[in-house]
Amino acid sequence: MPIKNYAFLIKADGYPVRGTQTTLPGDGFTTHIFAASNIAALIVAAQNFAQNGIEVIETCGGFSDTDFDAVKNALDGRVALGRVTFDTANQALLTRFMTSP
């Protein structure tokens with residue numbers, strides 16, 4: 001069965017503590033994006049997504065292991081949860097970018 005409802009969670013400073021959300025409708029596929037600087041708001045958003053028919057949720061690279069585990073525990077296996085990661089070469093590029101003046 002193809003995925004029809006997907007959500008992406010973004011955690012980064014600069015987004016509202018309570019979060020902001022947008023939806024990108026497609027032809028038979030909808031992406032829901034929720035961004036916040038606060039993990040508690042992201043957990044609530046993930047739980048709401050799970051209750052409202054989202055089939056897959058992914059988290060951005062801004063989630064620490066602790067943040068990811070908090071979302072995972074809150075979902076309690078109701079929805080597949082994935083995370084964005086970087087391979088070694090791209091992690092080095094990201095680190096270099098983030099530490100340059």
Who passes salt bridge (charged side-chain N to carboxylate O under 4.0 Å, His left out) against D76, sequence neighbours left out?
none
Rounded distance (nearest 0.5 Å) linking atom CG of N52 with atom CD of Q47
12.0 Å
Assess whether a salt bridge exists between D65 and K72, defined as any Lys/Arg side-chain N lying under 4.0 Å from an Asp/Glu carboxylate O.
no
Report the distance from atom NZ of K11 to atom OG of S37, rounding to the nearest 0.5 Å.
8.0 Å
Identify whether Y15 and L24 are in the same connected component of the hydrophobic contact network (ILVMFWY, side-chain heavy atoms under 4.5 Å).
yes
Nearest heavy atoms of A36 and A41, plus distance in Å:
CB-CB, 4.1 Å
Do S64 and D67 have side-chain N/O donor and acceptor atoms under 3.5 Å apart?
yes
Is there a path of hydrophobic side-chain contacts, each under 4.5 Å between heavy atoms of I/L/V/M/F/W/Y residues, joining F8 to V71?
no
If every non-hydrogen atom of A46 is compared with every non-hydrogen atom of I57, which pair is closest and at what distance?
O-CD1, 3.8 Å
Which residue in the set L42, T85, L81, I10 passes side-chain contact (heavy atoms from CB on, under 4.5 Å) when paired with T59?
L81
Candidates K4, R78, H32 - the one meeting side-chain contact (heavy atoms from CB on, under 4.5 Å) with I54:
H32
Of all the heavy-atom pairs spanning I3 and F29, show the shortest one and how long it is.
O-CD1, 3.1 Å
Is there a chain of hydrophobic side chains (I, L, V, M, F, W, Y, each step under 4.5 Å between heavy atoms) that links V79 to I43?
yes
With heavy-atom distances below 4.5 Å as the criterion, would you say the side chains of T23 and T31 are in contact?
no
What heavy-atom pair brings F86 and L94 nearest, and what distance separates the two atoms?
CE1-CD2, 3.6 Å
Would you call the rings of F49 and F34 parallel, tilted or perpendicular if under 30° counts as parallel and over 60° as perpendicular?
perpendicular
Rounded distance (nearest 0.5 Å) linking atom CZ of R96 with atom CD of Q91
12.0 Å
Return the CZ to CG distance between F68 and L9, rounded to the nearest 0.5 Å.
10.0 Å
